[in-house]
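Working notes, structure below.
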Amino acid sequence: MTTLVRGASPTLVRDALTVLQPGFTGTTPPDWLLRRIGEGLSSVGLFGRNIASPDQLAALTARLRAERDDVLVAIDEEGGDVTRLEVRSGSSFPGNLALGTVDDTGLTRAVAAELGRRLAACGVDFNWAPSADVNSDPANPVIGVRSFGADPHLAARHTVAYVEGLQSVGVVACTKHFPGHGDTNVDSHLAMPRIDVDLATLHARELVPFRAAIAAGSKSVMSAHILLPALDPDRPATLSPQILTGLLRRELGYEGLIVTDGMEMQAIASTYGIERGSVLALAAGADAICVGGGLADEETVLRLRDALVDAVRTGELPEERLADAAARVRALASWTQAHRARGAETEPGAASEEGTAPGTDIGLVAARRALRVTGAGGPLSAPAHVAAFTPATNIAVGDETPWGVGPELARLMPGTTTGTYAADTAADRVLRDAGERRIVAVVRDVHRHPWMAGALDALLAVRPETVVVEMGVNQAPARGALHIATHGAARVCGTAAAEVLAGA
């Protein structure tokens with residue numbers, strides 16, 4: 001231990017470790033992580049860098065639980081565009097917007113339950129999902145297809161279904177990003193977003209899905225790094241006593257675990273620093289500190305542990321507040337531990353078999369149902385050229401995960417070619433690459449990218465028979481001889497679109 005914590009009580013040091021949710025690098029847990037789990041660390045966060053296969057992930061989580069059986073293993077697995085389980089192949093499940101477009105809560109519940117079974121089969125019991133954000137700003141750069149939609153009541157009923165589906169198989173749901181990240185045009189990974197609406201609007205729009213999730217028993221809620229002056233003019237939600245304790249705890253009556261969004265995101269790190277930010281978050285009412293997406297080393301864990309211990313010693317953070325937060329973490333860990341034990345007693349091996357069954361295609365079923373096809377152009381009669389117009393990805397999605405329709409269409413129609421085109425690409429290059437082939441223009445949020453809309457205009461002017469596949473928010477008018485809106489860029493969304501293109 002450092003000099004700072006050497007004189008601290010073992011209970012205080014253990015509580016400070018208990019409230020942290022750190023990450024690490026590699027596909028096996030490092031010795032320092034196992035050592036800190038033995039000292040009281042109660043949660044570990046996983047990211048795409050930690051996952052190579054289901055078997056490897058199961059071995060990793062088993063090693064963590066050999067150190068401590070009730071450790072919470074968390075992951076950011078929304079399905080759709082944000083996937084960690086299938087970070088290198090694309091998700092087997094469409095994202096929230098696709099599910100909201102279908103608007104069948106039974107389907108959403110079934111998708112979430114199957115996703116939860118796959119997580120549980122690998123030993124993951126805490127999912128930082130679903131996004132309950134109402135995507136009221138079509139220009140939102142970070143939520144978009146991660147939201148069920150722009151209608152608060154639609155978002156609410158699907159948030160409930162998702163929470164129920166996940167938790168029915170023993171995986172903690174984490175409803176995010178409280179009190180709502182939908183009406184922002186700034187990515188909180190990069191800067192501090194601000195929502196300037198009145199209280200009446202917040203209650204009628206942003207808070208509707210969160211009220212519903214609380215009533216449905218969501219085991220955890222994740223705070224957003226956003227400034228809402230109507231609630232607190234000075235501090236973002238993650239650091240605001242008025243928002244976390246006053247609104248979420250007292251007014252909405254929430255009793256579960258409050259976890260922060262990643263503290264290394266620039267909205268917090270560049271303004272407060274992660275140590276000061278973590279102290280303020282706990283004091284405001286948060287129970288768990290998520291860090292590890294970008295900072296994934298032992299030093300980060302020790303810095304945050306020491307900052308919390310020091311804050312208690314100086315009186316900035318009441319010891320009973322830290323103890324209360326740690327108790328909530330342990331209570332949640334006990335819930336997941338008990339659920340695993342019941343599953344092992346009643347259905348030995350069932351979760352693993354069902355969760356990894358290759359015939360389970362509920363995600364593809366959902367992706368097919370989410371398609372919206374317009375235009376008079378029929379399916380392709382010959383191999384095409386897929387022109388994928390690729391915007392910069394936001395940090396939540398990452399740039400590791402493939403997307404589009406090219407690979408699936410090439411499988412169904414051998415000879416299909418694919419080109420990737422960025423903002424500086426002239427339409428002439430696409431036309432040269434395509435030759436005589438029909439063009440399938442794949443776009444993502446074309447309404448947000450003038451360069452993409454311009455390239456599409458230029459292509460359609462020369463080749464009006466071009467097919468357009470929109471894999472983001474379907475906000476722009478439908479164009480092309482055939483227009484397919486997938487409402488997400490998951491692998492299964494690309495498969496569903498390719499089936500239509502090939503006439504399969």
Side-chain angles (χ1 to χ4, degrees), residues 1-24 29-45 64 67-74 126 128 172 174 220 222-223 238-241 244-245 249 256-265 268-269 272-334 336:
M1 291 186 185
T2 65
T3 303
L4 175 65
V5 300
R6 190 170 292 135
S9 74
T11 299
L12 174 56
V13 175
R14 182 168 285 270
D15 284 351
L17 281 170
T18 296
V19 301
L20 302 180
Q21 291 191 345
F24 63 96
D31 289 342
W32 70 259
L33 183 66
L34 299 175
R35 189 165 61 251
R36 300 306 170 191
I37 290 172
E39 293 173 2
L41 187 68
S42 296
S43 309
V44 175
L64 294 173
E67 198 67 40
R68 178 175 178 167
D69 187 54
D70 66 344
V71 68
L72 288 164
V73 181
F126 192 137
W128 293 316
V172 172
C174 185
S220 69
M222 178 178 282
S223 66
T238 294
L239 311 183
S240 171
L244 296 190
T245 298
R249 287 277 187 233
L257 188 85
I258 301 174
V259 59
T260 71
D261 207 345
M263 296 302 285
E264 68 268 51
M265 293 165 63
I268 298 296
Y272 299 89
I274 62 167
E275 296 98 331
R276 172 96 178 128
S278 296
V279 170
L280 291 174
L282 264 292
D287 305 304
I289 301 297
C290 176
V291 64
L295 298 172
D297 52 38
E298 183 176 23
E299 182 187 356
T300 298
V301 172
L302 298 181
R303 282 166 58 198
L304 295 184
R305 178 200 66 182
D306 293 357
L308 295 176
V309 169
D310 190 44
V312 169
R313 284 173 154 178
T314 62
E316 184 178 13
L317 177 64
E319 187 165 5
E320 57 271 22
R321 169 77 273 273
L322 179 60
D324 171 65
R328 289 180 192 275
V329 174
R330 295 182 189 116
L332 189 59
S334 295
T336 61

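Starting from 1, each residue takes its place in the sequence as its number. The model shown is predicted, which means the values in this text are computed figures rather than measured ones.
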### Task
Using the test side chain to side chain contact (heavy atoms under 4.5 Å, CB included), find all partners of Thr11 that sit at least two apart in sequence or belong to another chain.
Ser9, Asp15

### Task
Only counting residues at least two apart or in another chain, list the ones meeting side chain to side chain contact (heavy atoms under 4.5 Å, CB included) with Glu316.
Arg276, Val279, Leu280, Ala311, Thr314

### Summary
Heavy-atom nearest pair, Val13 first then Ala8, reads CG2-CB, 3.8 Å

### Contact summary for Leu295 and Glu264, nearest pair of heavy atoms
N-OE2, 3.5 Å

### Query
With distance as the sole test, does Thr238 use its side chain to make a donor-acceptor pair with the main-chain N or O of Ala281 at under 3.5 Å?
no

Working to the nearest 0.5 angstrom, can you tell me the gap between [X] [atom1] and [Y] [atom2]?
X	Y	atom1	atom2	value
Leu33	Ile37	CG	CD1	4.5 Å
Leu17	Ser42	CG	OG	8.5 Å
Ile274	Leu304	CD1	CG	4.5 Å
Asp306	Glu299	CG	CD	10.5 Å
Asp324	Glu319	CG	CD	12.5 Å

Heavy atoms, side chains only, cut-off 4.5 Å: are [X] and [Y] in contact?
X	Y	answer
Arg36	Leu302	yes
Phe126	Ser43	no
Trp128	Asp261	no
Phe24	Asp297	no
Leu308	Val312	no
Leu20	Leu41	yes
Met222	Thr260	no
Leu34	Leu64	yes

Less than 3.5 Å apart, which donor and acceptor atoms pair up between the side chains of residues 285-294 and the rest of the protein, not counting sequence neighbours?
residue, atom, partner, partner atom, Å
Asp287, OD1, Arg321, NH2, 2.8
Asp287, OD2, Arg249, NH2, 2.6
Asp287, OD2, Ile258, N, 2.9

### Worked check of side chain to side chain donor-acceptor pair (under 3.5 Å) between Thr18 and Arg330
CA-CA 8 Å; Thr18 296; Arg330 295 182 189 116; 3.2 Å; yes

### Message
Please determine whether a side-chain nitrogen of the Lys or Arg among Arg35 and Glu67 lies less than 4.0 Å from a carboxylate oxygen of the Asp or Glu.
### Response
no

